[in-house]
There are 2 protein chains.
Amino acid sequence: MRAAVATIRELAYLCGVSVATVSRVFNNPKAVTPKTREHVLRLARELGYRPNEPARTLATKKSYMVGLIWDTDHRSPGWRHPFFQEILIGLKTALSEEGYHLLLLSTSDEDAAGGPSLDGYLHAVRRHSLDGVVFIDSGNESPAPHAIAEAGVPCVSLDRPVDGPRATYVTSDNAGGARDAVAHLHATGRRAIATISGPLRTRPGADRLAGYREALDALGLPCRPGHVQEGDFYLAGGHAAMRRLLEGGDRPDAVFAAGDQMAIGAMAAIGEAGLKVPEDIAVVGFDDIELAALVPPGLTTVAQDKAGFGTMAAATLIEMVDGPAVEAPPPAILPTSLVIRGTTTPRF
Amino acid sequence: MRAAVATIRELAYLCGVSVATVSRVFNNPKAVTPKTREHVLRLARELGYRPNEPARTLATKKSYMVGLIWDTDHRSPGWRHPFFQEILIGLKTALSEEGYHLLLLSTSDEDAAGGPSLDGYLHAVRRHSLDGVVFIDSGNESPAPHAIAEAGVPCVSLDRPVDGPRATYVTSDNAGGARDAVAHLHATGRRAIATISGPLRTRPGADRLAGYREALDALGLPCRPGHVQEGDFYLAGGHAAMRRLLEGGDRPDAVFAAGDQMAIGAMAAIGEAGLKVPEDIAVVGFDDIELAALVPPGLTTVAQDKAGFGTMAAATLIEMVDGPAVEAPPPAILPTSLVIRGTTTPRF
DNA sequence: GCTCTCGATGTAACCGGTTACATGAAACCG
DNA sequence: CGGTTTCATGTAACCGGTTACATCGAGAGC
């Protein structure tokens, strides 16, 4: 391969046209005669010319880059969104198709950017001329997304509502999924259905609990106070919450855990208490992480549309960035689907 | 917060100095009188001024961005490096500390950049003036890293050797870890030690098998041909390979699987054959994925230094980028450590 | 044939930084 | 005290694109 031509001026010279024409070939092809267009394109291809992005960004204020903010300190388990990786794939793929790139931003950049200011991310966005931002919630109530959203930067947040002139969010149908889970437990013969909720300050935590309550209501089952235990979305929290449920004297015959990790922790606690899943206590989780299918006897769970998160976030963001600057699209609520496995086999 | 000052010229005007002085305050502080320096810094802080990155990049050719190439098609499971996420965290954290950012690149960008050329990534690197590249191997023998490495772009590859004037790689001590695993199986009383290798075209696959052979040699054990089965690093491959081992007539009393997923697949196959782990067959894995601790009775495994991958990659890359442009540092070999759990309890 | 339009192309300013070089003041020195 | 060095600062060119506006030529209309 020959050395790539460096600049638009060189290419213009070689083509015998002006820089403006070359520029137009790439940015507004129909403003240029087919003949010259082809000529320029052919030479560009042969010489391996590609317009320089920083220069283009400088001139247009559009970088074709979006920031992925992933607000967390690296010590806490908070950074582990249950399917960060799937989200990332979906996001990256969808953005690439539209010619956008993804720049990773995390808490450390905030400080590095000059002191722990509340709007460190906003500065990062400005510095790089980012076209928009995707924010993955880690449940730690960071003020970052609000600062950005309010500044009018196109912004989509995952699993956490934000408002701002060009901000929206995408989440699963948490309440609906929870209702399905409870209805399924009821349909398999369980009547004393407890729940291990997520942290109630998180939106999915609160919504899944609400769905649980609605379902009990609809089924005419009482909502016994001891049957709601708050967890932390992680293994340990599920384990501890399950022990509380077991020690409560009012032993449930089914548990809806608002996250698969908690469900697995709960199953461990059930085993330690000498009880069996699903014979003594049925379990349903939420998320459908990879592990759910592997842990015996297979965890019944409310599956989220993992790839959908990324894809939807990308689509929504691009709509705000590219589209006519009207207003923020409505929040996207992804459907869930119940995956039935061994932890909820019917009672006789 | 007041509106951020847009340009260096404005700030210079407000400070009553020239743009050159302001620029120096940020890039070469000691070239400027303490008094003016403080003055400029104070005003800059008050006004929220930050130098514009694309402009800076345009002028200096240094973007303070490194690309993370993650070569894969999104369909295959190949993108699942066993701990992509940990690597990413380590990488991002270490890079942020030095003021570098991470730009995600993946296969789709290659095409979008104008046809499926072999050096699509190289173009992406040039377009964005990336300072370097980290390449995560997904085992699909992509030619991408070589094109980049040979072009002289600073480049560090994970788990796969590359050469180029400024290229190096980081990997675990795969052979050493494998030797430890086999020695441990021997020490717990096993003598008929089989292995499920990774794909032999991958470097870790080949190295772990080599380590296994060396260990058998050192222990004076024969290396029976039927006792080496090639897997794919995934659950299904481990399962299939284990069945081949069991059907071979020459049943082993221990298996070293070159990856935890394969080990877990193998354990399933052992269970299906009516045999027990560790009583009938002991199992050791490699990686120490999260699941290893959770799957009963706990998988003994060779732990890799997950965070170390990212940190080391970042350090090595920055050394090449920042440092005096001598030559590529030698490959980094991260130590492994054996984590002993329930699948290898000693034989009486 | 002459103007008028319109569409393709060129010229040059501009985006927001960096930096080589010029400048001028202060410090140093014999 | 004149001359030289040193050092902080300023001027202006440059990085590689985009784009407003000017220009020019061809076809349309009369």
Side-chain angles (χ1 to χ4, degrees), chain A residues 3-41 43-44 47-65 99 123-131, chain B residues 3-41 43-44 47-65 99 123-131:
Chain A
V5 168
T7 79
I8 196 176
R9 285 173 235 266
E10 290 184 58
L11 179 58
Y13 172 78
L14 293 175
C15 292
V17 301
S18 77
V19 293
T21 299
V22 175
S23 180
R24 278 189 279 258
V25 166
F26 288 96
N27 298 311
N28 187 12
K30 59 193 172 307
V32 99
T33 300
K35 192 162 72 74
T36 37
R37 189 196 316 150
E38 296 311 330
H39 183 214
V40 170
L41 279 176
L43 241 53
L47 300 169
Y49 168 80
R50 293 284 195 294
N52 176 291
E53 288 299 338
R56 186 196 274 248
T57 299
L58 177 58
T60 60
K61 312 270 175 250
K62 187 154 170 33
S63 63
Y64 284 96
M65 288 201 283
H123 276 133
V125 169
R126 293 248 165 83
R127 276 163 65 115
H128 293 276
S129 306
L130 298 184
D131 296 336
Chain B
V5 168
T7 78
I8 196 175
R9 285 173 236 267
E10 289 183 58
L11 180 58
Y13 174 75
L14 293 176
C15 292
V17 300
S18 76
V19 293
T21 300
V22 174
S23 180
R24 279 188 279 258
V25 165
F26 288 96
N27 299 311
N28 188 13
K30 58 193 174 305
V32 96
T33 299
K35 193 161 73 75
T36 37
R37 189 198 312 152
E38 296 311 329
H39 183 213
V40 171
L41 280 176
L43 240 54
L47 299 169
Y49 168 80
R50 293 281 196 296
N52 176 290
E53 288 298 339
R56 185 197 275 248
T57 299
L58 178 58
T60 60
K61 313 274 177 244
K62 188 154 170 34
S63 63
Y64 284 96
M65 289 200 284
H123 277 132
V125 169
R126 293 248 164 84
R127 276 164 66 115
H128 293 276
S129 306
L130 298 184
D131 295 336

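Every chain is numbered from 1 and lettered A, B, ... according to where its sequence line falls, protein lines coming before strand lines. Predicted, not measured: the structure shown is a model, and the values here were computed from it.
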Chemist: Would you say B/T7 places a side-chain N or O within less than 4.0 Å of OP1 or OP2 belonging to C/dG16?
Modeler: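 B/T7 to C/dG16 OP1/OP2: no side-chain N or O under 4.0 Å.
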Chemist: Without decimals, in angstroms, what is the distance between B/N28 CG and C/dA20 P?
Modeler: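 So the two atoms are 11 Å apart, to the nearest Å.
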Chemist: How many whole angstroms separate atom CG of B/L58 from atom P of D/dT18?
Modeler: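 Rounding to the nearest Å, CG of B/L58 and P of D/dT18 are 12 Å apart.
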Chemist: Please give, in whole Å, the distance from D/dG17 P to A/R50 CZ?
Modeler: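 Atom-to-atom, A/R50 to D/dG17, this comes out as 12 Å.
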Chemist: A/N52 CG to D/dG16 P: how many Å, rounded?
Modeler: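 From A/N52 CG to D/dG16 P: 7 Å.
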Chemist: Phosphate oxygens OP1/OP2 of C/dT9: is one of them under 4.0 Å from a side-chain N or O of A/T21?
Modeler: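 Indeed not, no polar side-chain atom of A/T21 lies that close.
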Chemist: Is there a donor-acceptor pair under 3.5 Å between the side chain of B/S129 and the backbone N or O of B/S63?
Modeler: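 No, the answer is negative, given that no donor and acceptor are paired below the 3.5 Å cut-off.
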Chemist: In whole Å, what is the span from the CD atom of B/E53 to the C1' atom of D/dC15?
Modeler: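 Computing the B/E53:CD to D/dC15:C1' distance gives 15 Å.
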Chemist: I want to confirm an ordering. Mapping B/T60 and B/K30 to their closest nucleotides on DNA chain D, which one lands closer to the 5' end?
Modeler: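 The residue whose closest nucleotide sits nearer the 5' end is B/K30.
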Chemist: Does B/T33 have a side-chain nitrogen or oxygen under 4.0 Å from the phosphate oxygens OP1 or OP2 of D/dC7?
Modeler: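 No, no such contact exists.
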Chemist: At under 4.0 Å between heavy atoms, what does B/V19 touch on the DNA or RNA strands: base, sugar-phosphate, or nothing?
Modeler: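 Base: the residue B/V19, judged by heavy atoms under 4.0 Å, touches a nucleobase.
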Chemist: Might you work through the side-chain contact (heavy atoms from CB on, under 4.5 Å) test for B/H123 and B/V125, ending with a clear yes or no?
Modeler: CA-CA 5 Å; B/H123 277 132; B/V125 169; over 6 Å; no
Chemist: With DNA chain D as reference, determine whether B/K61 or A/V22 sits nearer its 5' end, using the nearest nucleotide of each.
Modeler: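 That would be B/K61.
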Chemist: Examine D/dT9: is either OP1 or OP2 under 4.0 Å from a nitrogen or oxygen in the side chain of B/S18? Give yes or no.
Modeler: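 No, because none of the side-chain N or O atoms of B/S18 sits under 4.0 Å from OP1 or OP2 of D/dT9.
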Chemist: Is there a donor-acceptor pair closer than 3.5 Å between any side-chain N or O of B/S23 and the backbone N or O of B/V19?
Modeler: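 Checked: no pair found.
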Chemist: Any N or O donor-acceptor pair under 3.5 Å from the base of D/dG10 to the side chain of B/R24?
Modeler: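 For B/R24, whose side chain was compared with the base of D/dG10, there is a donor-acceptor pair (under 3.5 Å).
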Chemist: Give a yes/no answer on whether the side chain of A/Y49 brings an N or O atom under 4.0 Å of OP1 or OP2 in D/dG17.
Modeler: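 Checking A/Y49 against D/dG17: at least one side-chain N or O falls below 4.0 Å of OP1 or OP2.
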Chemist: If I take atom CZ in residue B/F26 and atom P in nucleotide C/dT19, what distance separates them, rounded to the nearest angstrom?
Modeler: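 Computing the B/F26:CZ to C/dT19:P distance gives 15 Å.
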Chemist: Tell me, do B/Y49 and B/I8 make a side-chain contact under 4.5 Å, heavy atoms counted?
Modeler: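 Yes, their side chains come closer than 4.5 Å.
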Chemist: Does the A/T33 side chain pair with the main chain of A/K35, one donor and one acceptor, at a distance under 3.5 Å?
Modeler: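 Between the backbone of A/K35 and the side chain of A/T33 there is no qualifying donor-acceptor contact (under 3.5 Å).
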Chemist: Between the base of C/dG16 and the side chain of B/R56, is there a donor-acceptor distance below 3.5 Å?
Modeler: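 It does not, because no donor-acceptor pair links the side chain of B/R56 to the base of C/dG16 below 3.5 Å.
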Chemist: Nearest-Å distance, CD1 (A/I8) to C1' (C/dA13)?
Modeler: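 My rounded result for the distance is 15 Å.
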Chemist: Given that A/A55 and A/G16 both sit by DNA chain C, which one's nearest nucleotide is further toward the 5' end?
Modeler: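 Taking each residue's closest nucleotide, the earlier one in sequence belongs to A/G16.
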Chemist: Would you classify B/T36 as touching base, sugar-phosphate or nothing, given that sugar-phosphate means primed atoms plus P, OP1 and OP2, and contacts are heavy atoms under 4.0 Å?
Modeler: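 Here B/T36 touches the backbone only, sparing every base.
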Chemist: Check the distance between C/dG17's P and B/N27's CG and give it to me in whole angstrom.
Modeler: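 Taking atom P of C/dG17 as the reference, CG of B/N27 is at 11 Å.
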